[in-house]
Each structure stands twice: as structure tokens, then as C-alpha cells.
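A short worksheet on the structure shown next.
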Amino acid sequence: MAYIRSGPIQNRAIWHTTDRINSFNMGFSVHWILLAAFSCLLCMGGEVRCDCTETKMQIQGGFYTLTKQLERGSLLTYRCPEGFYPYPATSRLCQPNGTWLPPPKRFTPQRCRIVECPDPSVLESGNVSPLLEKYFVNNVTTYECYSGYSLRGSESRTCLPNGKWNGSTPICSHDSGNNCADPGIPAGASREGSIFGIDDTVKYSCIGKLFLVGSSERVCQENGQWTGIEPACYFKHTYDTPLEVSAVFGSAITNSLTTLQSPDDTQEGRSIRISKNGTLNIYIAVDISESIEEKYFRHARDAVIKLIRKISSFSVTPNYEIIFFSSDIYEVVSILDFWDGKIQLDDVMTKLSNFEIEDRNTGTDLNLVLNTFLERMGIIKQQVGVDSFKDHRHVLLLFTDGAYNMGGSPAPTVEKIKNMVYMDPTSNPESKYREDYLDIYIFAIGAEIFDDDLQPLTIGLGERHYFRMDDIKNLEETFDKMIDEEEVKGLCGLHKDYETANQRDMYPWWAFLHVKTGATSKNCLGSLVTRQFILTAAHCLPYGVLPEDVTVELGGITEKGVKTFRLHPEYNISRKEKEGVKEFYDYDVALIQLKNDVPIDSTVRPICIPCTQETSDALKLVGQSTCKQQEQLLLKNHLESLSFLTKSGNAVRRKDVNAKLGDNRDECIRHALEAEGITTVKPEDAVTDNFLCSGGLIPFRDHIACRGDSGGAVFKNYQFRTIQVAVVSWGTKELCNSGNVIDSNEVSRDFHINLFRVVPFLRSILEDKDQDDFVPLTFLTD
Ligand SMILES: *[C@@H]1O[C@H](CO)[C@@H](O)[C@H](O)[C@H]1NC(C)=O
Ligand SMILES: *[C@@H]1O[C@H](CO)[C@@H](O)[C@H](O)[C@H]1NC(C)=O
Ligand SMILES: *[C@@H]1O[C@H](CO)[C@@H](O)[C@H](O)[C@H]1NC(C)=O
Ligand SMILES: *[C@@H]1O[C@H](CO)[C@@H](O)[C@H](O)[C@H]1NC(C)=O
Ligand SMILES: *[C@@H]1O[C@H](CO)[C@@H](O)[C@H](O)[C@H]1NC(C)=O
């Protein structure tokens, strides 16, 4: 097989970006055609270089994007609505002489074709209905077995827009006393072999234009399981959805990260993924070639950041090697620096976030990347010694479309990596066991993927290691969805923050409080701080209110089961009446205890609060950390940007403010004197040191709190986690009602109880170890 796509870049399938979008339906401007034609005329007059034209480039039912306008090297990528794919070409490359490769076909106009799913009528010993020549998106099929056979898998399947059937392969089998169960025949496949005893082999191939992803050969093992993974037949237009990838890859990586031996995980014949003392090395390489634009690069970078953040919420701290590559490699983080103790996770994030590439080279050299990984492994092995190296697991994650055109085939290098990790499989009887120590995952991304070259490079037992995605944009979502919620139940402040995330996933801790106060009622916000406690403002629970008067809504749950609540013991609204502060809100915090623990999932989860061990973990403070350190991290700037929420219908909206700290504080709190009912001349009388101050126009216009926002969390997102630093308490002006996001005016100010000042109160309740009702939080000792 010719791995080398030598010579010019023409063969290179390049990542698509949305530089310019031309819609067929809109028609493109005449101006452009003229311009393009003109530049080509010039070209014919002796110029070597020539721009491509947009003539005959239209796609019926879709549009296209260009990476570099009509210059040579520009990649035109066709786009179709969901459930359709571009045909006959997926993309075209502008060549130096001004023609497109592949050229448009005269008799096959470019159009959006409806997505087809592989033929499901390969079922043995059963009926498939309806029987159609071809199956398209939204076609539903049902499966029934002949009498004497029983059905495993889905009874009904729908053809999905990504070219796959949902559910699982239907299999009609009867008990034959075979050692292994009938492994079935996936849609679009044919199978050789129908005896399923120990060591019997089945072989799969795909029909027609379909190609196989997964194991083409499986052997029945003594334990009754088939080796490998179920194959699937893909069209070139078949893609994995972010959800699928995150489910499969997520469970795989979770396995690697939880350090635990899972005794029931025998299905894939897996044993321990990593011993407690073991080390996990993660090597990441992202393909960015010259034609890939800034936007693509940013998506790739953000996805890697997301992945690392996800991983960092587990108990294992891996070492990372991170490379972006084209014909050169750009090493963002060297794994060797981890060994030398030169670098920590935080530095990795910073380096990644700040990483820019100025001039990218042409070409793609995947082999160079793998050789670099191999070299790094060799150095680690040398440094730690062979015995120690045995405890190292290596996970390689490659993001590419596989169109490597330089450096030769990476396959031999993959073999060398295998030998390095398996410790010379020919002479090492342990090598079978050592297969668990190396995984190579490939995320094939792009309009044009070179599956045949890429698939053989994957390595690893059990799960799938090859994924096919059509857009880098999906990657971030993939990694975000990847965490197994079960694994991270306890993690405070974990949330999703990509563009399309649903609101509850972004703010899983927000609670809505409805408090009956005699004939009237009052709405407030609160935050879930443990599975049983809601933090809110004391003034939301005025004198006379009983637990049964309080209703708490958390996502879809309306919890009437309020067991009790406690206000801060120092809270006393009339304490300073005589000193000219009619309503005094110092210590305006309260904790509401629910009768039961709320169930935690991605939409309901506690926020992190100051001075707890969990918050130190969230802030990645290592070793013995202190409350002070947390405060220094969270409220370090003289203008600290913070947020709080306002309830708008059933949703919330975010308000952004800048807490005025340090030298800015005096000017901020001075405006307290303009509030009604305040006659003192000393702002500190009303606004004690326990308050954070926000609002005003200078230097930035803040949002202002509205009626109904009280009790809500004033929070700060730190990487992947949310930490509450204050509680919305009171303000100088009543400018709006709940749901409005309104700018502050010159004099309006809001005051929020700084949680760092009320830790003893929080602690006295939440850390109470002399009770069996709830799991206490762990507070820091100083
Ligand atoms: C343009 O260049 C390509 C490859 O270099 C060649 O195959 C094609 O025939 C050329 N077309 C014209 C019109 O010169
Ligand atoms: C299958 O899908 C095609 C394309 O949408 C449609 O024309 C056809 O009627 C469908 N067939 C069945 C049996 O649903
Ligand atoms: C497949 O998708 C259809 C439509 O979304 C749904 O009704 C059906 O329950 C799904 N079937 C399986 C087995 O997931
Ligand atoms: C892990 O390390 C500890 C202490 O260094 C040692 O006692 C223990 O035996 C090690 N366990 C394994 C499985 O290597
Ligand atoms: C609140 O403060 C006022 C004024 O100092 C005092 O008279 C009153 O007893 C206090 N109330 C409580 C409940 O402590």
C-alpha cells in the first residue's frame, strides 16, 4: 500500500474552515465571477499562478466554504443540511494552474444526497421489514426471528442522519451449546464462519462501497467472549456523533483514570488498567496544516484544553506530551518537563491557552510525531529504569484526517512503540498482559478522511479506538460529554460551559426559593452547596417563616421537604437603627436543610464554597492548602470579575459584575449613603468588611441586581469548576425586577456577603460530624 502521498500538496485533504460561505440558493455575486475570470485571463497571459473560479462550483441544496478564497491551495468544502451529504465530491482543492481537483463532473452535478444506512437485511434466521433496495434517513426497520430462534439486540431500528442505525445489531440465535454466543452480522456486512466453539474464528467484510470499522476477525475465547469489538460498516458519509464518541472514549479513559480494579469488568477480558502506583502518560498530537485557519486551530486547542480539564477532575494526575503538527512539530508541552518537575498541570493549561502558531508549514508528517513520542518514551524509560517503566501506561491520542504526505508511513514507528511498551514481545512471556499498557486512539476528523491509512494505526484492547468525526467543532462537546457522571458525583462546581450546553448543565447548582410570608410571598435565589443544603440570604427568611413555608426548586425538582433553616447568628436587621442604618444586612446568610439528599446529575450538582478541601481540589491547590490561598486566588484582582444569576421565566440569565476590591472599594461603598433609610455619614456603618461591592460605570459598566436576585450565588468560574464567593444581599437602588439584565447607573451599587467572612457559620453547620443525616463537608483547618 502506498502510504506516502509524496510530492505536492494536492492530495492533501485539508481541514475545512468557514472563511467564506457561498450559498447556491442565494446565488453568488456576478462581481465575483467577473473578478475571478479576469484574474484567470491575466494568468493565461503568461502568469504561472492563477486563481480558481467559482464557475460550476455550486451545490444543489447546500453551500460551500473556502479556506483561502480562490487562491491556490484553497480548499472548497461542501456542506449539506443534516441527513444529507455532498455528492459526488466532498471537497475540492484549488491547484496552482487555477483548476479544481477533483474537477466538477459534467454529467453528475454536485448535489446534496440523502444519507443512506447500510443494508440491514443481512439478518440470518429472521425477517427484516420493510425490505427495501436502499435504506435512507428516518426509515424504520423491524426485526423478527423465525420460530425456535430468539432475538437479541433491537427489535426496531431507525436510520439516523449520521448514516448509522440506532440501537444494536439484531441477532436471531438458538441455543446450540456453542461456547460463544452468535456474534451476529452487522448491517451492510457479510460473515464467514458460523461455528462458535472455542478458537473458532468469524471473519467479516463489508458489502459494496462500505468499509469496515472495528474487528474484521474475531475469535471465540475460552471465557465465552469474542476477541475484539463488533465491526460496523461505514459509508464515506458515515460519522460518529459526539455522544457516541464520548460514550465509548469516555468509558475507556475513565477506566484508565480511576485507578481501581473493577472486578466485574470481565466482558472485554480486561484486568487492571493501572495500578495505584502506576503512572499514566498521555501523548496528544493534533494535525494542523498550512491551509488550516485560525478558527480550526482554536477549536483544536480548546478541545485539548477541555480534554485535559476533564481528565484533571479524576484522581490520577497524568503526564502530558502535547504536540501540534504539520510537516514540523510544535511541541506545546514536553512530557520530559513533568519528569524534571519543571511543569505542572496549571502550566500546561496556560501554555495551551497562550499557544499560537505564526507560520505553519505545508505538509503533514505523522511519522515525525510518532517518532517524537517514541523518543520521549525512550528517555523516560532510561530515566526511571526498566522496572519502574513497567508501571507506566501510555495513551496516545491522535487527531488527524490521515492524509500524511511526508515522512513515510507511521506504521513501522507504531510497531516500535509497541515493542517499547510491550518490552520486546518476542522474548517476553508477559507481553500479552502488557497489551493493557498501550492505547492508541485516533480521532479522524475532516471532510475527507483516509480511513485505510489510519485505522491500522490504532492499538488497544477492548473498546473502539477509532472514531470518525466530520467537524472539529464537535470535539469540544465530545470531551465535555465524556465524563461519566457517576464517577464524579461528589465534585462541586463541575459544569458544562460550551456554547450549546443547556442552562441547567451550566449552572447545575442554582435554586429558586419561594417563601410564604403571611398573606404575601417572596422569591429568592439560592445555591446548592451540598446534597442537602441550600445557601441563601437570611433576609429571604424573615421572622415568622416556618420550614413548611419554604419551597425550593432545583431544576425539574420542586422540593417542599424543607427540614429546617438557620440564619447567621449575628444577623440582626435592626441592630443599627439608632446609628442611622434602618435596615442592616450584615451577616445576611442562611442555610436551608432539605429533608432528603437531592439526586446529583449533570443538571443538579453543588457549587464549591470557600475554605473547603473540595474547593482546594477544584482550584488545583496541591498539598496542604489554606483558606487564605483560596481567597488570594479568587479575589486577587482589585477589580475581580464575578457573576450572579437572575431568574427569567423558568430559565436564568447571567449578570456580570466587577467586585471593587483594594483601592477601589472605598469609592464603591460610598454610594451606600445614597440608599433610602441610611442617614449615617459613614458608609462602613452599613457596608461592613463582610461585603463585596459591585455596580457603577467605572471602569466598566456592571450589571445590577434586581428584586428577586437576593440570596443567589456570586460566583467565579475557575477552569472547569464554579466557586461561590458571595451571596447577593442588598443594593442602593431598586431598578428592576427579576429576569432583567440591566446595566448599573452611576450611583447604583450592590453589596454581597463575602463567604470568606462567614466561614465559621458555614462550618458550624456543614461540617457537623455529630449527626447521621448528611455527609459533612471537609473544611480547611486554617
Ligand atoms: C492543472 O494541473 C493539474 C495537475 O498539476 C493537471 O492535471 C491539469 O491537467 C492542469 N489543467 C490545466 C487546464 O492545465
Ligand atoms: C425511506 O426513506 C425514503 C427517503 O426519505 C422515503 O422516500 C421512503 O418512503 C422511506 N421508506 C419507508 C418504507 O419508510
Ligand atoms: C431509534 O430512534 C427512534 C427515533 O428517534 C426512536 O423512536 C427509537 O426508540 C430508537 N430506537 C432505539 C433502539 O434506540
Ligand atoms: C505501591 O507503593 C507502596 C509504597 O510506595 C508499596 O508499599 C506498594 O507495595 C506498591 N504497590 C504496588 C501494587 O506496587
Ligand atoms: C437586634 O439589635 C437590636 C439593637 O441592638 C437589639 O435591641 C435586639 O435585641 C437585637 N435582636 C436580636 C434578636 O438579637
Side-chain angles (χ1 to χ4, degrees), residues 5-12 36-37 39-53 55-57 70-76 82-83 89 92-106 115 117-118 120 123 128-129 135-144 151-171 184 186-187 230 232 240-241 243-244 247 362 405 538-539 541-545 566-588 590 677 680 685-686 688 761:
R5 296 174 202 295
S6 55
I9 195 78
Q10 272 89 327
N11 261 341
R12 175 84 178 96
S39 70
C40 236
L41 282 176
L42 270 185
C43 159
M44 284 168 193
E47 283 274 345
V48 183
R49 284 180 55 171
C50 172
D51 281 348
C52 287
T53 72
T55 317
K56 294 195 185 137
M57 284 301 111
L70 295 170
E71 286 168 33
R72 67 171 176 170
S74 180
L75 185 80
L76 179 151
E82 189 178 76
R92 300 184 198 279
L93 188 72
C94 179
Q95 300 184 96
N97 63 6
T99 62
W100 290 102
L101 186 78
K105 289 189 181 168
R106 191 184 299 180
V115 161
C117 279
L123 178 71
V128 179
S129 71
Y135 294 84
F136 299 107
V137 138
N138 293 331
N139 282 167
V140 179
T141 45
T142 55
Y143 306 89
E144 218 177 41
L151 180 75
R152 274 187 296 131
S154 302
E155 256 173 64
S156 166
R157 303 180 86 181
T158 305
C159 174
L160 303 179
N162 64 342
K164 293 181 170 187
W165 294 100
N166 71 355
S168 56
T169 305
I171 303 168
E230 186 183 37
D240 301 319
T241 63
L243 204 66
E244 286 173 286
T362 56
N405 55 3
H539 79 260
L541 303 160
Y543 184 74
V545 165
R566 299 249 302 271
L567 313 188
H568 195 291
E570 304 275 330
Y571 173 73
N572 180 348
I573 196 166
S574 49
R575 175 170 300 161
K576 287 200 177 163
E577 247 174 30
K578 293 207 185 82
E579 285 134 88
V581 182
K582 191 160 169 242
E583 292 172 4
F584 182 56
Y585 288 107
D586 207 3
Y587 300 107
D588 187 12
T680 171
D685 281 347
T688 65
F761 166 70

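Hydrogens, waters and symmetry mates play no part in the numbers below; they use all other heavy atoms, side chains included. In listed order, ligands and their atoms are each counted from 1. In this chain, numbering begins with 1 at the start of the sequence shown.
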key: Glu144 atom CD, over 12 foreign heavy atoms within 6.0 Å   = no
request  = Quick one: sort the Phe761 and His568 rings into parallel, tilted or perpendicular, breaks at 30° and 60°.
outcome  = tilted
query = Any donor-acceptor pair under 3.5 Å linking the side chain of Asp588 with the backbone of His539?
reply = yes
key: Atom indices of ligand 1 within 4.0 angstrom of Gln95 heavy atoms, with elements   = 3 (C), 4 (C)
inquiry  = So does Gln95 get a backbone contact from the side chain of Arg72, meaning a donor-acceptor N/O pair under 3.5 Å?
reply    = no
request  = Please state whether Ser156 comes within less than 4.0 angstrom of ligand 3, counting heavy atoms only.
outcome  = yes
Where ligand 3 meets Ser154 - atom numbers and elements under 4.0 angstrom, heavy-atom basis = 13 (C)
message = Show me which atoms of ligand 1 lie under 4.0 Å from any heavy atom of Thr99.
response = 1 (C), 11 (N), 13 (C)
task = Indicate yes or no for a side-chain donor-acceptor contact from Lys56 to the backbone of Pro104 under 3.5 Å, with no hydrogens or angles considered.
result = no
query = More than 12 heavy atoms of other residues, nucleotides or ligands under 6.0 Å from CD of Glu155: is that the case?
reply = no
key: No-hydrogen, no-angle side-chain donor-acceptor test under 3.5 Å, Thr142 and Ser156   = no
message = What does the 4.0 Å heavy-atom contact list look like for ligand 5?
response = Asn572, Ser574, Arg575
query = Does one side chain, of Asp51 or Thr53, offer a donor that lies under 3.5 Å from an acceptor on the other?
reply = no
